[in-house]
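In what follows, chains carry the letters A, B, and so on, assigned in the order in which the sequence lines appear, proteins first and then strands, with residues in each chain numbered from 1. Owing to the predicted nature of the structure, the values given are computational and were not obtained by experimental measurement. Heavy-atom basis, side chains included; hydrogens, waters and symmetry copies ignored.
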Protein chains: 2
Amino acid sequence: MATGRNHRPATSRSRGIPEATVARLPLYLRALTALSERSVPTVSSEELASAAGVNSAKLRKDFSYLGSYGTRGVGYDVEYLVYQISRELGLTQDWPVVIVGIGNLGAALANYGGFASRGFRVAALIDADPGLSGKPVAGIPVQHTDELEKIISDNGVSIGVIATPAGAAQQVCDRLVAAGITSILNFAPTVLSVPEGVDVRKVDLSIELQILAFHEQRKAGEEPGAPPETDTAPPAAPPAVSVAKRPPESGTDGDLPAVMPA
Amino acid sequence: MATGRNHRPATSRSRGIPEATVARLPLYLRALTALSERSVPTVSSEELASAAGVNSAKLRKDFSYLGSYGTRGVGYDVEYLVYQISRELGLTQDWPVVIVGIGNLGAALANYGGFASRGFRVAALIDADPGLSGKPVAGIPVQHTDELEKIISDNGVSIGVIATPAGAAQQVCDRLVAAGITSILNFAPTVLSVPEGVDVRKVDLSIELQILAFHEQRKAGEEPGAPPETDTAPPAAPPAVSVAKRPPESGTDGDLPAVMPA
DNA sequence: ACATGTGAAAGGGTTCACAGCC
DNA sequence: GGCTGTGAACCCTTTCACATGT
């Protein structure tokens, strides 16, 4: 999930298409769309794989789950594959989405071209700030949270995007779910709890950075002449055992503001 | 990606900590930080797992890779674990990052509190638009792309965030890498090619939505009384080539009810 | 009594390598 | 000759279940 990871616990996997394959289909689709625009008629697994950033064996295996639409000795028909993958992903139909929380990030999402370009349509922007109500963002007037339920049912929205601060996310999520939404893309740095049957994917900027930092740190430690950088941490106490159990005692700590506003 | 998936091909895995575990450490850390703020002294694997959105067996296994910092019959010391995980992730040191591309998204990132709160410091904002130069975003003046190399070397930056349009991403990436950056968080919808030794993680909004759509479509097809929605797709041409060779081809196609026979 | 820590089993995902077909 | 399609081997991840320790 970001990322994306936390998904339904692998129960009843669609038509047998593995989750990992589903996650790569959009990648293939993007590469194929680019080829299509350049009027390239066919493409080999090797070429397409390299354009999508995967290896060719994986790509062929992935396509085999869709039914194997290629021609041996030739390759894949670009237009045909675009259609098949689009259909498999459900992009041949129109998906209205609502974005809740029109701060910096919400506005960025509303303006993001990638949404509109692939069957997704921003049906409404919703924010709790009355001062924003009526103001257009990306050409769409922001509506107040009070209207949330009505907007969703009137427009038949089934996908919601949460871009609120962390503190508001669960509450917004609950209302979205109660209003009938069954898929949520969450940008707030919180674990959302949802009932069975609702899909949540999360995108977490801070987590991605932390994973990078982990590997970066490792690189620095491995390099021959790499100085270990300034380390700001206190040694911290042992895991504490029997008596007087009191580890770090945040005396020299002085760091970690910890609150994560969206 | 999420999520990030595309990472170094599992070569030489750090100190033996599995990649999947590394990706969850930030989740644990966030949950632990919240507990720490509430002055909770210890926590069980069950409680912490539920706060982080995973199951307890997984969490215990994950911690076992770090060295098993718990106490049987008791649980984990919150403060101590916060420190151990922070150290493992490299968050006890300061990581300067640069953000390239200060559009809607770049501005949102610059304002994102989660960056600053965990050892990451926005060292510079960079944009190709001369009109932006000098203007402050999130209190930091935007600098021109010409300065990119100098900024990176002067500040010892090793992590870069790309929030440019897709067309500019590879070029920016190349310059970042040439300037010495070895970790990149990419928000542009493109596959970046980088030399060996450079880590790339990508966050792709459109891909996450497409994955949701896939599952959403499946739900609609499974539900008893679910109307199949408006379908906007043309039948698309056959895979070309010769005469025979015809995949399933459901009789009177033309419409595609979006229902996949399970 | 209770909760961690961990071998072992189970489940997915990736890669290999070659059979099959154009 | 060239490229797809796929069983089989391999590897990583998750889950189970219980031994271990306090």
Give the rounded distance in Å between these two atoms: [atom1] of [X] and [atom2] of [N].
{"X": "D62(A)", "N": "dT15(C)", "atom1": "CG", "atom2": "C1'", "value": "12 Å"}
{"X": "L66(A)", "N": "dT6(D)", "atom1": "CG", "atom2": "P", "value": "12 Å"}
{"X": "F63(A)", "N": "dT6(D)", "atom1": "CZ", "atom2": "P", "value": "14 Å"}
{"X": "L81(B)", "N": "dT4(C)", "atom1": "CG", "atom2": "P", "value": "11 Å"}
{"X": "R24(A)", "N": "dT15(C)", "atom1": "CZ", "atom2": "C1'", "value": "12 Å"}
{"X": "L59(A)", "N": "dC3(D)", "atom1": "CG", "atom2": "P", "value": "14 Å"}
{"X": "D77(A)", "N": "dT4(D)", "atom1": "CG", "atom2": "C1'", "value": "15 Å"}
{"X": "E46(A)", "N": "dG1(D)", "atom1": "CD", "atom2": "C1'", "value": "16 Å"}

Polar pairs (N or O, both sides) under 3.5 Å between protein and nucleotides 6-9 of chain C?
| residue | atom | partner | partner atom | Å |
| --- | --- | --- | --- | --- |
| dT6(C) | OP2 | S68(B) | OG | 3.1 |
| dG7(C) | N7 | K61(B) | NZ | 3.3 |

Checklist entry - Looking across every strand, which nucleic acid part, if any, lies under 4.0 Å from Y76(A) by heavy atom: base, sugar-phosphate, or nothing? => result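 Sugar-phosphate, backbone atoms only, no base.
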List for me each residue that meets side-chain hydrogen bond (donor to acceptor under 3.5 Å, both in side chains) alongside [X], sequence neighbours excluded, and say none if there are none.
{"X": "D174(A)", "value": "Q170(A)"}
{"X": "S36(A)", "value": "E79(A)"}
{"X": "Q171(A)", "value": "none"}
{"X": "S158(B)", "value": "none"}

Checklist entry - Can a side chain N or O of N55(A) be found less than 4.0 Å away from OP1 or OP2 on dT15(C)? => result yes
Checklist entry - Can you tell me if the side-chain N/O atoms of S45(A) get under 4.0 Å from OP1 or OP2 in dT4(D)? => result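 Yes, S45(A) has a side-chain N/O under 4.0 Å of OP1/OP2 on dT4(D).
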Checklist entry - Near DNA chain D, which residues from residues 33-43 of chain A have a heavy atom under 4.0 Å away? => result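 Listed by number, there are none.
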Next on the checklist: If we count only N and O atoms by modelled type, under 3.5 Å, do the side chains of Q210(B) and S206(B) hold a donor and an acceptor together?
Outcome noted: yes
Item to check | For R24(B), salt bridge (charged side-chain N to carboxylate O under 4.0 Å, His left out) partners two or more places apart | outcome: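 Applying salt bridge (charged side-chain N to carboxylate O under 4.0 Å, His left out) to R24(B) gives D62(B).
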Checklist entry - Which heavy-atom pair separates A31(A) from L48(A) by the least distance, and what is that distance? => result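 So the minimum-distance heavy-atom pair works out to CB-CD1, 3.7 Å.
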Next on the checklist: Tell me every residue that passes side chain to side chain contact (heavy atoms under 4.5 Å, CB included) with A34(A), counting only those two or more places apart in sequence or in another chain.
Outcome noted: none
Next on the checklist: Under the rule for ring pair (Phe, Tyr, Trp, His ring centres under 6.0 Å), what residues qualify as partners of Y76(A), not counting sequence neighbours?
Outcome noted: F63(A)
